[in-house]
Protein chains: 2
Amino acid sequence: MVRTRVIPLAEQLLDTLGEQGYRSTSPRKAVTQAIAAKQGHFTAEQLRQQLPGVGRATIYRSLKLLVDSGALCRVLLEDGNLHYQLSHQGHHHHLLCVECGSSQDLLGCDIEDLLRQVSAAHRFQLSGHWLEVYGRCYDCLPKAATG
Amino acid sequence: MVRTRVIPLAEQLLDTLGEQGYRSTSPRKAVTQAIAAKQGHFTAEQLRQQLPGVGRATIYRSLKLLVDSGALCRVLLEDGNLHYQLSHQGHHHHLLCVECGSSQDLLGCDIEDLLRQVSAAHRFQLSGHWLEVYGRCYDCLPKAATG
DNA sequence: ACCATAATGATACCTAGTCTCGTTTAATAT
DNA sequence: ATATTAAACGAGACTAGGTATCATTATGGT
Ligand SMILES: [Mn+2]
Ligand SMILES: [Mn+2]
Ligand SMILES: [Zn+2]
Ligand SMILES: [Zn+2]
């Protein structure tokens, strides 16, 4: 029987950085642990207030590393505020609930094909896109229903 | 023969505000004239440097009014910087060239239908979305071509 | 001309970063 | 274990995009 050690998410994040040659420092441990404990998305500022012992620049540096590595993704809320959240690796989008703020990942989205067609019609060479989708999640529908 | 007076764009912008009950003030005239003279997109900061006589808050307030009225739209560049530009009224998207920074409006985009289907599959009630498309415009393709 | 109030600019404050620079720390070679 | 050295750090200044407050001014309507 193989003893499977459950690697906490924080260690996974740290390992992700380690694989890219980044050192395992105590500020980075603090940041990854705080992120791993989070539910849903959060702002850099929230993280900062939660970790007063970690320098501001270090928090932003860590966030950047994690975004670049694909472990975190950036989420643009409808009010314009930028949040971060744990990411499914690879390109994807979010269904953001404007009631409760929850976020569902949109994985199998064939928007690429559509954009490729539209771009071609404009003689535009597509290289990337940014998409956020706003609305109400299933749990929040009853609240907004009138009839 | 009807004498058609060419209303400058700046006046149109001011009229748009006027129709909503906003007063025609000299700071607003300065802002709308500066915007009307712009080619393509611009940042709030650029506008501010161009109008040192107008208070910072007033510039941001004016931008907000014009965005809310639909006369201006916000454009998120790939680098994360937010720009403004004169808008075709109504919802639309942009094809943003990462080489020259130009922006083409994407008017007849059927992404709504696609999003509606995808949202329904996630039991999500769609209310809005934000989309920016990045790539190279036709004029910039030769520069990037290798063969 | 007068008046109510909309709008303004100054200022302070906030969020989100970036950059520099002198100090600390982690990985690694001995 | 210790020395080396580059990576990483925190402090602090700076940029950029905003918002909130508030005393003063200007506008539009009578
Ligand atoms: Mn995501
Ligand atoms: Mn537009
Ligand atoms: Zn919800
Ligand atoms: Zn171009």
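Numbers restart at 1 for each chain; the letters A, B, ... are given by sequence-line order, proteins then strands.
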- [ ] Indicate, yes or no, whether a donor-acceptor pair under 3.5 Å links the base of D/dG10 to the side chain of A/Arg61.
- [x] yes
For the residue pair [X] and [Y], establish whether any side-chain heavy-atom pair is separated by less than 4.5 Å.
X        : Y       : answer
B/His41  : B/Leu96 : yes
A/Leu76  : B/Leu76 : yes
A/His129 : A/His93 : yes
A/Lys38  : A/Gln50 : yes

- [ ] Identify, between B/Pro27 and B/Ala44, the residue whose nearest nucleotide on DNA chain D lies closer to the 5' end.
- [x] B/Ala44
- [ ] Between B/Tyr84 and B/Thr25, just flag the one whose closest nucleotide in DNA chain D comes earlier from the 5' side.
- [x] B/Tyr84
Open item on the list: What range of DNA chain C does chain A touch, first nucleotide to last, counting atoms under 4.0 Å from its heavy atoms?
Closed with: C/dT15 to C/dA27
Whole angstroms only, please: what is the [atom1]-[atom2] distance between [X] and [N]?
X       : N      : atom1 : atom2 : answer
A/Arg56 : D/dC14 : CZ    : C1'   : 11 Å
A/Tyr60 : D/dA16 : OH    : C1'   : 12 Å
B/Ile59 : D/dT19 : CD1   : C1'   : 15 Å
B/Gln46 : D/dT15 : CD    : P     : 16 Å
B/Glu45 : D/dG18 : CD    : P     : 10 Å
B/Arg23 : D/dT25 : CZ    : P     : 16 Å
B/Arg74 : D/dG17 : CZ    : P     : 11 Å
B/Leu17 : D/dT27 : CG    : P     : 15 Å

Open item on the list: For a quick check of understanding: with a heavy-atom distance under 4.0 Å over all strands, which category does B/Arg28 fall into, base, sugar-phosphate or nothing?
Closed with: sugar-phosphate
Open item on the list: Students often get this wrong, so: under 4.0 angstrom with heavy atoms, is B/Gly53 touching a base, only sugar-phosphate, or nothing?
Closed with: sugar-phosphate
Task: Most 5' of A/Ala57 and A/Arg48 on DNA chain C, judged by nearest nucleotide - done: A/Arg48
Task: Presence of B/Lys64 side-chain N/O under 4.0 Å of D/dT19 phosphate oxygens OP1/OP2 - done: yes
Task: Closest heavy-atom pair and its distance - A/Ala44, A/Tyr60 - done: CB-CE2, 3.5 Å
Task: Which atom of B/Val98 lies closest to which atom of B/Tyr134, heavy atoms considered - done: CG1-CB, 4.0 Å
- [ ] Tell me, with the steps shown, if B/Val54 and B/Leu47 meet side chain to side chain contact (heavy atoms under 4.5 Å, CB included).
- [x] CA-CA 10 Å; B/Val54 179; B/Leu47 199 57; over 6 Å; no
